[in-house]
Amino acid sequence: MSTEPLIFDLSSPGRVGFSLPEVDMDEAPALDARYLRGELDLPEVSEIDMTRHFTRLSQKNYSIDTGFYPLGSCTMKYNPKVHEDVAIMPGFAHIHPYQPEESVQGALQVQYGLQNMLTQIAGMDAVSLQPAAGAQGEFTGILMIRAYHKARGDHNRDIILVPDSAHGTNPATAAAAGFKMMSLKSGADGNVDLAALEASLSDRVAGIMLTVPSTLGLFEPNILKISELVHKAGGLMYGDGANLNALVGHIRTGDLGFDVMHINLHKTFTTPHGGGGPGSGPVACKAILAEFLPGPVVVKDGDTYTFRQPSQSIGRVKNFWGNFGMHVRAYTYISHLGLRGLKRVSEDAIINANYIRAKLKDVYNLPYDRVCMHEVILSGKNIKAETGCTTMDIAKRIIDYGMHPPTVYFPLIVPEALMIEPTETESKETLDQFIDAMRKIAQEAHDDPELLHSAPHITEVSRLDEVGAAREPNLRWKRAAS
Amino acid sequence: MSTEPLIFDLSSPGRVGFSLPEVDMDEAPALDARYLRGELDLPEVSEIDMTRHFTRLSQKNYSIDTGFYPLGSCTMKYNPKVHEDVAIMPGFAHIHPYQPEESVQGALQVQYGLQNMLTQIAGMDAVSLQPAAGAQGEFTGILMIRAYHKARGDHNRDIILVPDSAHGTNPATAAAAGFKMMSLKSGADGNVDLAALEASLSDRVAGIMLTVPSTLGLFEPNILKISELVHKAGGLMYGDGANLNALVGHIRTGDLGFDVMHINLHKTFTTPHGGGGPGSGPVACKAILAEFLPGPVVVKDGDTYTFRQPSQSIGRVKNFWGNFGMHVRAYTYISHLGLRGLKRVSEDAIINANYIRAKLKDVYNLPYDRVCMHEVILSGKNIKAETGCTTMDIAKRIIDYGMHPPTVYFPLIVPEALMIEPTETESKETLDQFIDAMRKIAQEAHDDPELLHSAPHITEVSRLDEVGAAREPNLRWKRAAS
Amino acid sequence: MVYTPNTEAQRQEMLAAIGVGSINDLYNDVPAAVIDPQIDLPAPLSEPELMAHMRQLAERNSDALHYANFLGAGSYNHYSPSAVYRIMSRSEFYTAYTPYQPELSQGTLQQIYEFQTLICELTGMDVANASMYDAGSALGEAAVMACSITKRNKVWVSPRLHPEHKAVLKTFTNGHGIEFIEHDAHFSESEQLPADVACVIIQLPNFIGEIRDFTGLAERVHEAGAILIEVYDPISLGLLKSPGELDVDIAIGEGQGLGIPMSFGGPYCGLFATKEKYVRQMPGRLAGMTKDKDGKRGFVLTLQTREQHIRREKATSNICTNEALMAVAATAYLTCMGPQGLKRVAELSYQNTHFLSNRIAKLPGYKILSREPFFKEFAVQTPIAPSELNRRLLAHGIIGGLDISGFPEVDGAPNAWLLCCTELTTKEQMTKLVSVLAEA
Amino acid sequence: MVYTPNTEAQRQEMLAAIGVGSINDLYNDVPAAVIDPQIDLPAPLSEPELMAHMRQLAERNSDALHYANFLGAGSYNHYSPSAVYRIMSRSEFYTAYTPYQPELSQGTLQQIYEFQTLICELTGMDVANASMYDAGSALGEAAVMACSITKRNKVWVSPRLHPEHKAVLKTFTNGHGIEFIEHDAHFSESEQLPADVACVIIQLPNFIGEIRDFTGLAERVHEAGAILIEVYDPISLGLLKSPGELDVDIAIGEGQGLGIPMSFGGPYCGLFATKEKYVRQMPGRLAGMTKDKDGKRGFVLTLQTREQHIRREKATSNICTNEALMAVAATAYLTCMGPQGLKRVAELSYQNTHFLSNRIAKLPGYKILSREPFFKEFAVQTPIAPSELNRRLLAHGIIGGLDISGFPEVDGAPNAWLLCCTELTTKEQMTKLVSVLAEA
Ligand SMILES: Cc1ncc(COP(=O)(O)O)c(C=O)c1O
Ligand SMILES: Cc1ncc(COP(=O)(O)O)c(C=O)c1O
């Protein structure tokens with residue numbers, strides 16, 4: 001595969017790729033020069049140039065549609081094609097957010113239906129679909145916790161507890177919402193250290209952010225105790241629902257004592273990751289928080305769907321009503337699978353992860369030697385000690401076997417972490433190929449460590465100079481001075 | 001890029017990729033065993049397996065959307081994306097051919113419109129859209145010629161003249177229609193040898209099949225004389241319209257004396273080639289032949305479109321009304337470009353071909369040293385003589401430069417032929433890259449002939465054993481006996 | 001201009017490089033009198049205007065997503081999963097040419113090889129080609145092939161062969177002095193075949209949906225030195241006996257039901273399969289598995305000496321462009337369905353059809369003409385002209401059946417109507433149709 | 001099950017390999033009481049039923065392909081060429097994750113680099129990130145960034161900033177003790193800025209479509225040690241002065257108009273660009289060009305020490321997932337349009353808007369509230385309540401304007417209506433709207 005020129009290098013002055021009507025009227029006042037822009041240096045290409053350029057670029061990507069993509073914490077499951085066909089139906093793709101409600105009853109019905117489905121699945125009482133992604137869902141939930149305490153006249157609570165295993169968005173969210181983030185050390189078994197938790201709780205604690213199952217892929221056995229402690233201290237329980245794929249259909253986050261949570265539609269409900277987005281991060285909460293939700297939410301009034309603003313809403317976190325295109329896909333998915341299908345999703349996600357665990361734990365270090373949920377965390381520390389090959393080397397070598405590496409070096413508390421989330425849409429045959437590759441790589445690390453250090457070998461580019469990229473950032477093309 | 005397993009090797013017993021309703025009624029009689037089939041050994045895969053398999057297969061193809069594809073005689077021009085969006089509109093894709101006419105007025109309007117457009121462009125009087133491709137259009141036209149003579153009581157005419165430069169479908173069609181094919185030698189200048197023609201004409205000649213411009217990429221300067229001679233001998237002129245891209249908008253085949261012709265919508269009117277099909281080969285003819293057209297054709301009656309069967313129709317060559325999906329695309333294309341746009345198409349096709357001619361004729365043999373039309377024929381015979389590298393070697397070496405080779409070894413009358421049709425959708429920049437590669441290859445042939453003999457070097461597979469494939473054909477996978 | 005990238009400046013540059021002063025010099029061979037005549041075409045539309053125009057035309061049609069559809073007769077409203085279209089619309093498939101350069105076409109070539117295998121598995125035949133235009137023209141080719149194999153010229157045709165197939169057959173055999181005989185019986189067990197018949201053509205299920213028992217027919221046909229040709233519905237093979245099991249020599253199918261939209265009659269996909277021994281007489285393209293110079297598995301087009309570009313007037317057929325992309329759809333569809341899915345489609349169609357026929361049979365004045373068992377279509381005699389029924393149904397959002405009044409395929413019965421149900425036909429749609437009939 | 005490939009037999013095999021007797025053993029850590037509660041979900045639909053159900057829901061909406069649409073206010077009915085969607089729907093783009101493994105993601109990374117460049121060219125700014133959720137939240141981040149750069153906490157907001165932007169701004173600054181000041185004038189030339197302002201936020205064209213002259217504002221803002229933030233409409237930049245030309249510090253745009261469908265409000269694409277000197281304070285992902293071990297050009301995500309996954313609570317933002325695929329659309333759209341195309345879209349919108357405003361201005365009782373020049377939107381005072389006008393228009397197949405009666409952005413004017421035209425608005429649609437108004 002050869003280097004693809006930049007689109008700017010394909011430009012030819014005067015070439016056009018658009019087909020638009022001519023300007024055939026002169027109704028508007030001529031614009032004064034002070035309003036007008038100078039030169040606009042966009043590329044000038046024809047449709048064939050553009051199609052080829054982006055088609056060739058697309059082929060340089062690895063993707064779910066081309067192979068196994070076991071990125072831990074990302075739930076890279078298959079994105080059903082039927083969702084894409086539904087999302088582009090004109091009645092969904094070409095409606096304006098401000099249309100009169102009577103002209104968008106179908107759209108409101110989808111949102112109302114999805115709110116209810118998520119309420120049921122989460123074991124919560126209310127849902128807002130507004131947040132654009134998981135991190136924005138967290139932000140929303142934490143602001144709701146703040147608003148809740150404020151509304152009760154409880155103005156002292158300025159701390160959010162976050163386990164040290166948490167995803168980066170959790171501490172970043174606490175800070176963005178204006179809280180002090182207090183980190184909570186995990187126990188040796190990967191669980192929350194109850195003693196440390198008790199020591200941290202006080203009337204300054206607004207709440208705790210917990211991921212269920214945790215980012216270690218483990219179900220917290222003391223979860224009911226934890227929520228009891230937190231609630232007793234006057235705090236609220238925030239659930240990071242990024243890992244809902246482990247629970248869906250069998251276990252409801254709400255039943256575990258959580259007061260508010262977000263759900264990543266782009267994970268559990270398989271809206272495509274899109275190379276980094278868009279996502280959708282609806283927030284679900286118990287009744288005590290329902291009136292703080294960002295608005296509007298959709299309610300049903302007789303046979304009519306209508307928007308309603310929660311009475312003590314924290315306000316908007318985003319324009320309009322959320323990432324509706326993702327709502328449509330998630331609604332389609334849940335309607336397709338039903339409860340039985342969703343149960344199967346979480347079961348197979350768990351079986352697949354445990355199968356990998358069982359088949360690799362003799363070769364890779366298993367930091368938490370217990371049953372896992374939908375993902376398994378391994379560590380390359382034994383291999384590093386024995387061979388000098390790092391987890392990064394292992395990851396790059398996986399590429400040579402035609403697969404995408406797992407998430408690496410996260411969670412931070414596991415040295416040389418390999419975080420493997422196969423998802424339920426992968427077959428045993430695919431897992432066996434992965435297991436086989438991982439075992440061979442462990443052997444190669446011993447036999448020929450250089451093979452790993454220099455990996456990947458089959459890609460268009462070899463390892464890239466990231467340090468140089470950050471030291472002297474080249475973030476845009478510039479026309480060479482002529 | 002690694003070898004992709006056969007879909008059969010991805011199968012796992014009991015796995016499903018479909019989502020269909022359950023059978024929830026028992027209305028029909030149980031079928032007796034003598035009607036029922038035995039085992040059905042289709043692959044059992046899930047949607048993810050299937051999507052990955054075919055996505056990966058697709059990436060193993062070269063295509064217009066990934067690069068320059070100058071196949072002579074094939075008119076590999078860019079296929080506009082808007083056509084695909086139009087063709088899948090439910091009102092086009094999901095209508096049944098036998099629907100009451102009042103329920104498909106839009107479809108009939110497209111067909112009627114396209115008939116008229118083609119009539120105008122061809123300079124003919126009537127069109128049938130029924131033939132599925134060029135070869136079927138030829139078959140149709142030749143049967144119409146037979147029917148015409150028969151209807152006039154002229155039963156002796158059993159010969160069709162075909163120049164030796166013609167495409168293989170021409171002689172094959174003459175034979176399939178039950179005619180004797182008589183080959184006509186071309187002159188040294190690539191034109192029809194008028195003396196030879198006159199010698200061949202007789203009251204046994206039903207007609208002549210000529211390609212305009214010829215498969216040598218040349219416009220026949222004596223065309224008016226030829227049609228005069230043929231007509232005088234009582235024969236009819238059949239036009240192979242595969243090369244209409246050279247003429248569209250500026251020159252009408254009908255004005256050159258042709259009585260009937262086919263038009264490849266999948267060439268000039270850019271319906272996608274689809275890896276070999278579908279095509280569409282409408283037949284256009286003068287009034288004297290109109291009532292022989294295959295039917296039905298669409299006529300307009302007041303404001304209503306309706307089907308009409310020509311009175312002396314040769315009958316059907318195909319089920320239903322032709323490849324409607326292609327009619328929609330061609331109609332869309334012509335509606336988009338209009339006459340001005342179509343003129344530009346043929347102009348740029350001609351300029352592009354002549355540009356390549358001018359830039360390569362000092363390095364490759366140019367068998368007909370004159371202005372060409374939309375394609376140029378070169379010969380590698382000089383290079384073969386000097387270096388031992390054949391045209392096949394040159395073609396395979398072009399692949400290493402990231403481009404698709406031209407058509408090779410056709411027309412048959414040009415030794416070591418390289419038939420180059422750039423089309424109008426390619427830019428000068430792309431042509432310059434091709435010219436550059438071709439000149440380098442000519443040099444390489446002298447400097448390092450082995451480099452050409454062993455080409456291509458960058459593809460997943462090297463040259464394949466075609467002889468072995470034909471000697472012991474392996475045309476299907478078979479389950480290994482277990 | 002949108003699809004012609006070269007700018008005016010570039011055109012001038014190129015003309016200079018060519019060595020001509022103006023583009024007119026490139027038309028020197030063309031008689032001046034024929035250049036630039038008047039051509040009347042509609043004024044060009046920009047892309048947004050074009051989309052609006054085409055949408056308007058499309059929406060003047062009553063499509064099967066918005067109307068209940070009871071038409072069959074060779075084009076069927078089966079469901080095509082979204083994944084099938086997404087595969088077809090990979091532009092590396094749809095913007096490639098015929099895979100003549102195998103090193104650049106392994107994707108299409110492997111897919112053709114898989115398609116050939118799938119059609120062989122489905123039909124129980126030995127070899128299948130890469131596709132023909134449609135069932136009708138494939139059948140025409142099959143008849144010509146049978147005549148050339150047997151060196152005979154009589155084609156015997158079952159009376160309930162699709163009338164359009166009969167019409168195409170007649171056209172195909174037109175120039176060859178072939179005699180076309182519509183046999184009036186159903187090849188009953190006792191019947192002797194005359195010794196000069198080239199081939200016998202049956203259709204299963206036949207034009208009015210009947211599933212006949214043809215056990216033993218092949219033997220008698222072969223005894224007479226003739227070729228047995230069957231036209232089948234690929235969907236029915238999820239359930240019904242395959243051509244291979246009937247020892248048929250050439251099996252012809254219409255692939256449209258396999259994931260290809262009805263699209264007002266085309267493009268479809270002719271399925272052509274035969275026995276190993278006839279492979280060199282077969283028309284159409286074939287992909288074969290082979291090895292490259294390094295022994296690596298690969299695919300090529302093979303046995304091309306049958307084809308027009310090599311053999312010219314001696315080719316087995318004049319076909320060149322086929323229906324490759326439609327074969328991609330069929331390959332994806334059969335893969336997606338698998339044996340269980342295809343059987344489900346067949347069973348749902350079979351059950352739905354009887355849900356409807358059972359209810360229509362009870363209406364006064366209606367009489368089912370097709371003999372049981374019938375598969376997904378049946379002919380029914382109606383008390384009112386079918387065209388009138390269709391008119392009324394249309395007003396209720398229903399596309400009724402095909403008017404086959406007087407067709408020889410129903411022995412000329414007046415007021416005959418051919419109705420079809422598939423897995424997509426809903427109880428609501430059928431109940432509605434029945435209620436409109438009841439009121440009529 | 002359709003998306004879970006493992007068969008029951010395989011599940012059992014895997015459980016055995018795991019060493020557990022049943023799947024229940026994998027739930028040992030879970031309190032028994034919380035397993036398998038009642039969950040009420042609709043019964044599952046098969047794919048064909050699902051498609052029918054979703055189509056029905058979709059068709060309960062009045063879409064802009066079938067209704068004339070005069071709504072704007074941050075979501076616009078611009079035309080997206082077919083080629084743009086075909087690129088977005090390449091599954092290698094839409095089924096990939098964030099390009100954390102650059103060797104497997106050069107396609108997305110190069111596209112992001114090109115996107116960043118395009119946004120820089122369009123806005124005249126130095127650096128742009130890989131996208132934010134939308135304009136509103138991007139603006140929220142910009143305000144927080146300005147406060148952190150200036151270490152001040154007063155945000156001055158132009159009165160005709162989109163009201164939803166104001167709302168989002170308030171939420172974003174909620175926890176930071178930031179004071180949110182709606183400035184009541186239009187930053188007139190003479191006005192002095194107080195020394196404690198962190199940033200000034202303007203919108204151009206503003207909420208009611210007006211194009212104001214902000215020449216000199218940046219200088220005064222910078223003199224006061226503050227940051228100038230502009231919210232722009234990218235389509236307008238085909239014609240109008242860019243943020244860079246106004247010496248703006250942070251330029252925020254809503255990318256929806258760039259080939260992204262209105263989709264009832266999302267997903268859209270927040271455009272975030274700033275000056276070189278602020279790059280390390282910027283939120284969001286950045287792709288950079290670099291070299292591989294062999295010196296070959298390649299792209300990586302860079303300056304990640306700003307981001308949450310590295311810096312956690314010290315990150316410049318908590319954003320993780322962004323709107324990558326929408327940025328693919330915008331990249332393709334801007335490429336397709338080029339400078340001439342974007343200018344054409346802007347001009348057509350500008351002319352159409354005035355075709356409409358000129359005619360409405362002549363209707364008795366109507367008064368244009370937006371001051372000229374306005375771009376593709378204008379506020380108008382109506383003699384009848386806009387909600388009533390919209391109701392009547394809907395019956396004529398027209399989605400009318402936004403009811404902004406009493407909005408502070410029109411100084412509380414009663415019966416205020418915000419209308420929008422784009423290049424897709426036809427004369428027929430505008431004439432029809434005017435005629436309905438004339439009759440009302
Ligand atoms: C555990 C966890 N929490 C939160 C997030 C943030 O979600 P988003 O990327 O949708 O903002 C992620 C995403 O990777 C995650 O894995
Ligand atoms: C000159 C010429 N004639 C006829 C044909 C046959 O057309 P089709 O492939 O559509 O049958 C071709 C196709 O390549 C051709 O190039």
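Just so it is clear: chains get the letters A, B, ... in the order the sequence lines come, proteins before strands, and each one is counted from 1. Remember, it's a predicted structure, so these values are computed and weren't measured experimentally.
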- prompt: Are K81(A) and I87(C) close enough that some pair of their side-chain heavy atoms sits under 4.5 Å apart?
  reply: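 SC-SC contact between K81(A) and I87(C) ruled out.
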
task: Determine whether more than 12 heavy atoms belonging to other residues, nucleotides or ligands lie under 6.0 Å from atom NZ of K343(A).
output: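 Yes.
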
- prompt: Are there more than 12 heavy atoms of other residues, nucleotides or ligands under 6.0 Å from atom CD of Q56(C)?
  reply: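 12 or below, so no.
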
message: Using only non-hydrogen atoms and a strict under-4.5 angstrom cutoff, which residues of residues 8-25 of chain A touch chain C?
response: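 If one takes a 4.5 Å heavy-atom cut-off, the residues of residues 8-25 of chain A near chain C are S12(A), P13(A), G14(A), R15(A), V16(A), G17(A), F18(A), S19(A), L20(A), P21(A).
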
field: Heavy-atom contacts under 4.5 Å, residues 43-55 of chain A to chain C
entry: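 Residues of residues 43-55 of chain A touching chain C at under 4.5 Å: S46(A), E47(A), T55(A).
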
field: Euclidean distance, R90(C) CZ relative to D65(A) CG, rounded to 0.5 Å
entry: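 Answer rounded to 0.5 Å: 8.0 Å.
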
message: Quick check on the interface: out of A83(C), P81(C), P44(C), S91(C), who has the most heavy-atom pairs with chain A under 4.5 Å?
response: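 Option with the greatest count: A83(C).
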
field: Side chain, backbone, both or neither of E92(C) within contact of chain A (heavy atoms, under 4.5 Å)
entry: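 Answer is side chain: those atoms of E92(C) sit under 4.5 Å from chain A.
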
